[in-house]
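Counting from 1, the numbers follow the sequence of the chain as shown. Every number for a ligand or one of its atoms is a count from 1 in the order of the listing. Because the structure is a prediction, the values reported are computed rather than measured.
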Amino acid sequence: LLGTVAYVSYEVWDSRNPDNQVIPDPSKKTLVILGTGWGTVALLKKLDTENYNVVVISPRNYFLFTPLLPSCTTGTIEHRSIMEPIRTILQQKKAAVKYYEAEATKVDSERKVIRIKDESEIKGTVSETEVPYDMLVIGVGAENATFGIPGVRENGCFLKEIGDAQQIRKKIMDCVETAAFKDQDPEEINRLLHMVVVGGGPTGVEFAGELQDFFEQDIKRLIPDISDRFKVTLIEALPNVLPSFSKQLIDYTESTFKEEKIDILTKTMVKKVTDKAVEAEASKPDGSKERITLPYGLLVWATGNAVRPIVKDLMTNISAQKDSRRGLAVNEYLVVQGTRDIWAVGDCAVAGYAPTAQVASQEGAFLAKLFNNMAKTEALEDQIRDLSSTLNLKPGNAADIARQIEDYERQLRRVKDIKPFHYSHQGSLAYIGSEKAVADIAWFNGNVASGGTWTYLFWRSAYLSMCFSTRNRLLVLNDWAKSKIFGRDVSR
Ligand code: NAD
């Protein structure tokens, strides 16, 4: 018994303490991966790390399951439930992978080095250095688009990272508690309890739905005296919300929002933001424009993606990227146009698909297959070359060697025959509040559109199954049960 306990303990200890400080093998190429998002983590999951000296660089030392991020803003889900440490992910690889928590600030494609910067919060120091690469995968994602609209960065909250969700959660409660303060001015109560969401894409819609749920299910019950003042307004520049969904689901979402008392202002473009109000221009049915001012307590800005500075900088240094606007233009093998050894995945790459998690993870999995095949190809070519050179030296074994060469050549043809990247769309899902969701699911050659409570259960089970690990799945299930039974935690 003691022997078994000792053995199991050693196994656990050993699996938790892999040799992370491996010395790079000079016979292998160095593959540097920038980012720890959907694309790069899908790549790491399937990559055979024994073939390369793999180095991962990202300022975020965890993978974030972004589809459930809106649920963190109200406490339906606690933020750690949707985070998976990159160290845990890398520990599961056969050969050790180096990880540097740092921001890549520049890619020098001439010298084949990446400049990285680490800001230590504890020491308050900044360290900068360079990392050389033979092959590079850029998966740094995108930043929030503001279109240069004044006041957005200073006054609005975004919804991309864990820190954003935490900030929103605090701000909601700050607005609510300040509105409930003794002898608060009625006009100020209205302003504080007006939650404005700009951008009617899936992020804005899901957040508005979660926010209204939080209010209906928890805040109303806990602070009834302000309950008739809380209001959520969603502003969208286009004629309707969720433009990437089918017409039927757009109508369903808009009518559900009406029932939930969420105001939708379509054909309304925000032009300016101050610390207390949003100024917008609404297009009227007769074609005329009207200026409107909406006082707000919380402003969440969800108007899509913009290119990150490191990507912009690389694009300006590669002439083949001159015409690309939305990110790094890649070919059908995800190679950055104008380069031979740089690949891009996810929201920073322009491959002709929407910037979604689904696209990014399929791209990452494709690259893993490509790199595994490239390593196999090189190994087979080396073996063929070695055998061919021995052919004349060992005349007695010539027939055997020739047969072996033929066999390797057959294998080589098979691994070399890798098809270009093809995205297979499984469908789109979005939560719209009051335990309803919409789904546009790819079904054989067509699409099935559905909305309502059953779709919500499907949405929950789909997202649960997509969570990164069993640990994440259990935590999310626990959070759902906890907020259903005890209500959401409204402490700040
Ligand atoms: P988005 O690009 O899908 O939508 C942004 C919206 O903001 C647009 O409809 C645009 O018209 C509007 N807008 C821009 N400027 C405006 C202004 N000044 N005033 C008012 N409205 C303005 O952005 P997103 O929702 O963050 O999504 C980004 C990407 O991620 C998309 O490809 C989306 O499909 C994907 N995504 C998908 C899901 C899901 O499937 N559940 C969830 C989140 C994000």
Give a table of atom pairs where an N or O of ligand 1 lies under 3.5 Å from a protein N or O.
| residue | atom | partner | partner atom | Å |
| --- | --- | --- | --- | --- |
| ligand 1 | 9 (O) | Glu236 | OE1 | 2.8 |
| ligand 1 | 9 (O) | Glu236 | OE2 | 3.0 |
| ligand 1 | 11 (O) | Glu236 | OE2 | 2.6 |
| ligand 1 | 18 (N) | Val270 | O | 3.3 |
| ligand 1 | 19 (N) | Val270 | N | 3.1 |
| ligand 1 | 21 (N) | Ala237 | N | 3.1 |
| ligand 1 | 25 (O) | Pro202 | N | 3.3 |
| ligand 1 | 25 (O) | Thr203 | N | 3.0 |
| ligand 1 | 25 (O) | Thr203 | OG1 | 3.1 |
| ligand 1 | 26 (O) | Thr203 | OG1 | 2.9 |
| ligand 1 | 30 (O) | Pro355 | O | 3.4 |
| ligand 1 | 40 (O) | Leu429 | O | 3.3 |
| ligand 1 | 41 (N) | Leu429 | O | 2.6 |

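Between Phe371 and Tyr52, the ring-plane angle classifies as perpendicular under the 30° and 60° cut-offs.
Under the 4.5 Å side-chain criterion, counting only non-hydrogen atoms from C-beta, Phe63 is not in contact with Thr36. In this structure the side chain of Ile292 reaches within 4.5 angstrom of the side chain of Glu290, judged on heavy atoms. In this structure the side chain of Ile441 never reaches within 4.5 angstrom of the side chain of Ser450, judged on heavy atoms.
Side-chain N/O atoms of Thr76 and Trp480 include no donor and acceptor closer than 3.5 Å. Between the side chains of Tyr423 and Gln358, at least one donor N or O lies within less than 3.5 Å of an accepting N or O.
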